[in-house]
Asker: 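Attaching a single structure in structure tokens format; questions to follow.
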Amino acid sequence: MPPPSQTEVFDEADLVERAKNGETEAFTELVNRYERKIYRLAKHITQNDEDAEDVLQEAFLKAYSHLADFQGQSKFYTWIVRIAVNESLMKLRKRKSDRTVSMDENIDTGEETVVREIAVWEENPEHQYSQEELRRILEHAVDSLKPAFRTVFLLRDVEELSTEETAEAMNISVPAVKSRLLRARLQLREKLTRQFRRKGDDVFAYL
Amino acid sequence: MLTCKEFLNELNGYLDQTVDKELRENLERHVTECPNCFVIVDTTKKTLQVYKGLEPQVIPPEVHNRLMVALHKKMAAEAARKRSG
């Protein structure tokens with residue numbers, strides 16, 4: 001087999017294998033590939049720049065130290081996300097000793113999926129705002145969700161992890177991921193409706 | 001016919017297309033008959049769309065640089081540990 005050309009994009013498993021064999025450049029390539037996503041995730045969960053940077057460093061340094069333990073049954077990306085989520089939640093708990101940070105299953109009981117705002121949106125609302133404005137609106141909406149909900153939403157709908165991978169990363173059950181994702185999506189829909197509703201429409205009451 | 005509450009409980013399965021054929025048909029019928037749930041489906045779909053299009057911002061250069069410095073320190077330390085061990 002011919003050796004891979006310089007321009008070939010190495011796949012993740014290949015980079016991990018080479019990093020395990022001591023090629024530091026391969027690990028650096030993995031860092032370059034995922035640092036933006038990990039930093040964004042940490043920033044949204046912790047909502048603090050300093051904590052997010054700590055999480056970013058700790059996640060990649062831990063991954064490097066424990067590379068030999070990484071079995072390769074899951075993707076490296078899922079693994080680094082899991083480490084980053086853990087570190088982020090620890091930071092969050094340290095900063096606010098408040099019960100909203102709880103990731104346990106109890107958060108799912110006794111809460112209805114309430115829908116209050118039902119209104120048609122403007123056509124392509126994303127085109128009505130500048131990129132920065134839109135980003136601010138979307139990020140603000142996510143950040144106003146409870147940590148347990150926003151973390152599930154970020155992993156499933158922004159990072160596009162599967163339900164099982166999200167459950168694994170957060171150390172919660174698959175049904176918990178599903179019910180939190182439903183709430184998170186409905187809450188975000190509601191928040192964005194306040195922003196994006198077609199002007200002049202009345203809200204019609206929900207049933 | 002499904003109630004709106006029953007419909008909402010299955011909303012994710014409907015959006016992610018993970019429900020079986022029979023349930024899917026029931027859900028579809030509900031959407032065509034219920035204007036409120038039609039709007040909820042439509043605006044939830046759009047919610048997911050706008051978030052999927054959101055690219056992560058460029059990481060601040062100083063944050064990237066500090067990460068690289070910390071990483072290289074770690075790599076050097078691990079290499080030294082392996083050599084001595």
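Every chain is numbered from 1 and lettered A, B, ... according to where its sequence line falls, protein lines coming before strand lines. Heavy-atom basis, side chains included; hydrogens, waters and symmetry copies ignored.
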Asker: Would you kindly say whether B:Thr43 and A:Arg189 are connected by a side-chain donor-acceptor distance under 3.5 Å?
Answerer: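 Looking only at side-chain atoms, A:Arg189 and B:Thr43 do form a donor-acceptor pair, the distance falling under 3.5 Å.
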
Asker: Is it the backbone or the side chain of B:Lys46 that comes under 4.5 Å from a heavy atom of chain A, or both, or neither?
Answerer: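 Backbone plus side chain of B:Lys46, per the 4.5 Å heavy-atom cut-off to chain A.
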
Asker: Rounded to the nearest 0.5 Å, how far apart are CD of A:Gln131 and CG of B:Leu54?
Answerer: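 One finds 8.5 Å between CD of A:Gln131 and CG of B:Leu54.
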
Asker: Is any side-chain heavy atom of A:Leu192 closer than 4.5 Å to a side-chain heavy atom of B:Val50?
Answerer: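 Answer yes - side chains close enough.
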
Asker: Quick one: pull up CD in A:Glu35 and CE in B:Met68 and give me the separation to the nearest 0.5 Å.
Answerer: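 Between atom CD of A:Glu35 and atom CE of B:Met68 there are 5.0 Å.
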
Asker: Quick check for you: to the nearest 0.5 Å, what is the distance between B:Thr47 atom OG1 and A:Phe153 atom CZ?
Answerer: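 If I round to the nearest 0.5 Å, the distance is 7.5 Å.
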
Asker: Does the side chain of B:Met75 come within less than 4.5 Å of A:Phe27's, by heavy atoms?
Answerer: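 Yes, side chains in contact.
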
Asker: What's the spacing between B:Leu71 CG and A:Thr24 OG1 if we round to 0.5 Å?
Answerer: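 Rounded to the nearest 0.5 Å, the CG-OG1 separation comes out at 8.5 Å.
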
Asker: Mind checking the CD1-NZ spacing from B:Ile59 to A:Lys43? Nearest 0.5 Å is all I need.
Answerer: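 B:Ile59 atom CD1 to A:Lys43 atom NZ measures 9.5 Å (nearest 0.5 Å).
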
Asker: Does any non-hydrogen side-chain atom of A:Glu53 lie less than 4.5 Å from one of B:Leu67?
Answerer: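 Heavy-atom side-chain distance check fails, nothing below 4.5 Å.
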
Asker: Which heavy atom of A:Arg36 sits nearest a heavy atom of B:Gln57, and at what distance?
Answerer: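 That would be NE-O, 3.6 Å.
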
Asker: Could you report the tightest heavy-atom contact between B:Ala70 and A:Gln57, atom names first, then the distance?
Answerer: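 Nearest heavy atoms, B:Ala70 then A:Gln57: CB-OE1, 3.7 Å.
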
Asker: So which heavy atom on B:Pro56 is nearest to which on A:Lys37, and how close?
Answerer: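 Smallest interatomic distance, heavy atoms only, reads CG-CG, 4.2 Å.
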
Asker: How far does CG of B:Asn9 sit from OG of A:Ser179, to the nearest 0.5 angstrom?
Answerer: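 That separation rounds to 10.0 Å.
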
Asker: Do A:Asn32 and B:His64 come within less than 4.5 Å of each other through their side chains, counting heavy atoms only?
Answerer: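 Sidechains of B:His64 and A:Asn32: in contact.
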
Asker: Quick check on A:Leu181 against chain B: is it the side chain, the backbone, both or neither that has a heavy atom closer than 4.5 Å?
Answerer: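 Answer is both: backbone and side chain atoms of A:Leu181 are under 4.5 Å from chain B.
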
Asker: State, to 0.1 Å, how close B:Tyr51 and A:Leu188 come at their nearest heavy-atom pair, and which atoms those are.
Answerer: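 Shortest heavy-atom contact: OH-CD2, 3.6 Å.
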
Asker: Is any side-chain heavy atom of A:Lys178 less than 4.5 Å from a side-chain heavy atom of B:Asn12?
Answerer: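 A side-chain contact under 4.5 Å is absent here.
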
Asker: Show every donor-acceptor pair shorter than 3.5 Å between a side-chain atom in residues 62-70 of chain A and any protein atom, with sequence neighbours excluded, or say none if there are none.
Answerer:
from	atom 1	to	atom 2	distance (Å)
A:Lys62	NZ	A:Glu87	OE2	2.4
A:Ser65	OG	A:Leu61	O	3.0
A:Ser65	OG	B:Lys74	NZ	3.1
A:His66	ND1	A:Lys62	O	3.0

